[in-house]
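Encoded as structure tokens, the structure appears first; notes follow it.
Computed from a predicted model, the values in this text were never measured in an experiment.
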Amino acid sequence: MKVIHIRPLGDVIDHERSADCACGPGGDVIGARTLPQPLGVIYRHHSLQPCADWEAAEHV
């Protein structure tokens, strides 16, 4: 299963690639109706200030 984190760059805190990040990211489970288990999860981190640059990275 893949885990992707979408994190703001240049925010007032460093966002760690973790569901336990201080910003409280929300996780969206991605799946297919034809498969019994999910394909992955996308965590969308919350910026604490307006950010123009974002990064999407796989958690390994």
Side-chain angles (χ1 to χ4, degrees):
M1 178 165 68
K2 290 197 181 242
V3 177
I4 305 293
H5 289 269
I6 301 173
R7 305 177 307 153
L9 300 176
D11 202 3
V12 293
I13 64 168
D14 289 328
H15 294 265
E16 56 184 87
R17 289 185 195 166
S18 167
D20 297 326
C21 181
C23 74
D28 294 320
V29 176
I30 307 301
R33 292 182 208 170
T34 58
L35 297 174
Q37 71 259 12
L39 297 171
V41 179
I42 297 175
Y43 286 100
R44 298 167 198 241
H45 292 251
H46 305 284
S47 63
L48 303 179
Q49 68 180 14
C51 291
D53 295 322
W54 293 76
E55 170 189 64
E58 184 176 357
H59 179 81
V60 286

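Residues that satisfy the side chain to side chain contact (heavy atoms under 4.5 Å, CB included) test with Ala22, not counting sequence neighbours, are Ile13. For His15, the ring-ring contact (aromatic ring centres under 6.0 Å, His included) criterion is met by His45, not counting sequence neighbours. Legend: residues meeting side chain to side chain donor-acceptor pair (under 3.5 Å) with Glu16, ordered by chain and number and at least two apart, are absent.
Clustering of Ile, Leu, Val, Met, Phe, Trp and Tyr side chains at separations under 4.5 Å places Leu35 together with Leu39. Apart from Leu9 itself, the hydrophobic cluster it occupies contains nothing, where clustering links Ile, Leu, Val, Met, Phe, Trp and Tyr at side-chain heavy-atom distances under 4.5 Å. Cluster partners of Ile42, using a side-chain heavy-atom cutoff of under 4.5 Å among ILVMFWY residues and allowing indirect links, are Ile4, Ile6, Ile30, Trp54.
Contact record, Arg17 with Glu58: NH1-O, 3.7 Å, taken as the closest heavy-atom pair. Scanning both residues, Ser47 and Asp11, for their nearest heavy atoms gives CA-OD2, 3.2 Å.
Screening residues 18-43 for side chain to side chain donor-acceptor pair (under 3.5 Å), with sequence neighbours left out, gives Asp28-Arg44.
Taking SG of Cys21 as the start and CG of Asp14 as the end, the distance is 9.0 Å to the nearest 0.5 Å.
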